[in-house]
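Below: one structure, written as structure tokens.
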2 protein chains.
Amino acid sequence: MARRTGRRPGKQDTREVILAAAREAFADRGYDGASIRAIATSAGVDPALVHHYFGTKEQLFLATVQPPVDPAELIPKLVAGGVDGLGRRLLETFLSVWEHPVTGPAFEALLRRAFANRVSARLVREFFAVQVIRRAMQSLGGAIDPAEVPLRATLAASQLFGLAVTRYVLRFEPLASAPRETVVAAVAPNLQRYFTGELS
Amino acid sequence: MARRTGRRPGKQDTREVILAAAREAFADRGYDGASIRAIATSAGVDPALVHHYFGTKEQLFLATVQPPVDPAELIPKLVAGGVDGLGRRLLETFLSVWEHPVTGPAFEALLRRAFANRVSARLVREFFAVQVIRRAMQSLGGAIDPAEVPLRATLAASQLFGLAVTRYVLRFEPLASAPRETVVAAVAPNLQRYFTGELS
């Protein structure tokens, strides 16, 4: 059999080159700062090809993170019912995802990659703080001062990440074995304060 | 030069054997459940030798964790002023330690080891939740219901670990660059609620 040498880049390679450029761009400049045009330039392809393979900027971003859940499905559930119950709904969703046999281990793997690697850390941050929490806050139509949304979103992330780390990864007892309702009752008001309480 | 073969175990080896046994015991049974007697038995030495090398059980525990700060120095400062300001004092101490050029990186290394390794995870948990937070709460002389101390201590740990992970390790902005006073104003009331607030 003849060995192929110097073969031309195929579809799969082009996809991978675009994904690698997107990963770098989202990690360096954040979701908001990265553009399809700049990603296409850095990958050496036409922007139309990026759209052809990945769809929208949001879909391209999700392809770089590969989160176990789709924010487009989550956000409407988090937002339904208004700003008052946002802390509780976000917390209940977060605990369900972590305690689910498929999405739980996937999230733990994502968190471990973020710990091990600077680029993964930034992608996880953009996914979680921007795509999930910030978007949910913004979908509430001005109920939260837009200027305060970024800090409030990362404060909420600090509580949720801390809960994931202590309850599921490091397994601090008695928190690790506490029933979900106990955790929700204890933590939801703190999360809600980060969304709507006085912070200074 | 003659090579020494089959040399008898020296002081250094005995210390290491005791430390390894202590690490396993504290990780498996927790600080409260591990005993000097059992550690000595598992190391194959007399309990008096454990005391001779390491002092008290608490000192032996600290030798296994090697934390960058000594709880015996921290606790009196955390407790001074009573239960009302505990959240703020613990938070200010925690941020100072993380932002200190020597103890900060040491804590990050400890946290990374905990992520990588089951035994380290349990030692960090015992150090942080039991030796620091729980002891500070218990030093307040019944101001907090003793039956609730363990859960409250791990809830406080969830917020502090989450802050460490998002502000210092994964560097979520704008939280990572927020002035210390902003973080204290935002987070201290949430921490205080875990110590003295209604949780259900």
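Predicted model only: the values in this text are computed from it and were never measured.
In terms of hydrophobic clustering, with Ile, Leu, Val, Met, Phe, Trp and Tyr side chains grouped at heavy-atom distances under 4.5 Å, A:Tyr53 and A:Val17 are assigned to different clusters. Cluster annotation: B:Val69 is connected to B:Trp98 through the hydrophobic network of ILVMFWY side chains, with a link wherever side-chain heavy atoms come within less than 4.5 Å. With hydrophobic clusters built from ILVMFWY side chains whose heavy atoms lie under 4.5 angstrom apart, B:Leu62 shares a cluster with B:Leu60.
Of the listed residues (A:Asn190, A:Leu199, A:Thr166, A:Leu163), the one with the most heavy-atom contacts under 4.5 Å to chain B is A:Asn190. Of the listed residues (B:Arg112, B:Arg152, B:Glu198, B:Arg193), the greatest number of heavy-atom pairs within a distance under 4.5 Å of chain A belongs to B:Arg193. Chain B forms more heavy-atom pairs under 4.5 Å with one residue of A:Ala185, A:Ala178, A:Ser120, A:Ala116 than with any other, namely A:Ala185. Of the residues considered (B:Ala186, B:Gly30, B:Ser200), B:Ala186 shows the highest number of contacts with chain A, using heavy-atom pairs under 4.5 Å. When the candidates B:Ala121, B:Ala157, B:Ala129, B:Pro189 are compared by the number of heavy-atom contacts under 4.5 Å with chain A, B:Pro189 comes out ahead.
When the shell of 6.0 Å around CZ of B:Arg180 is examined, it contains more than 12 heavy atoms from other residues, nucleotides or ligands.
For B:Thr154, the parts lying under 4.5 angstrom from a heavy atom of chain A are both the backbone and the side chain. Interface remark: B:Val184 contributes no atoms to any contact with chain A (heavy atom separation under 4.5 Å). Contact annotation for A:Val130: neither backbone nor side-chain heavy atoms come within less than 4.5 Å of a heavy atom of chain B.
For the pair B:Gln159/A:Ser158, a side-chain contact is recorded, criterion being any heavy-atom separation below 4.5 Å from C-beta on. B:Leu155 is listed as a side-chain neighbour of A:Leu175, based on a closest heavy-atom distance under 4.5 Å. A:Leu151 places a side-chain heavy atom less than 4.5 Å from the side chain of B:Thr182.
Heavy atoms only, all atoms of each residue included: B:Arg125 and A:Arg171 are closest at NH1-O, 2.8 Å.
In this structure, the ring of B:Phe161 has its center no less than 6.0 angstrom from the ring center of A:Phe161.
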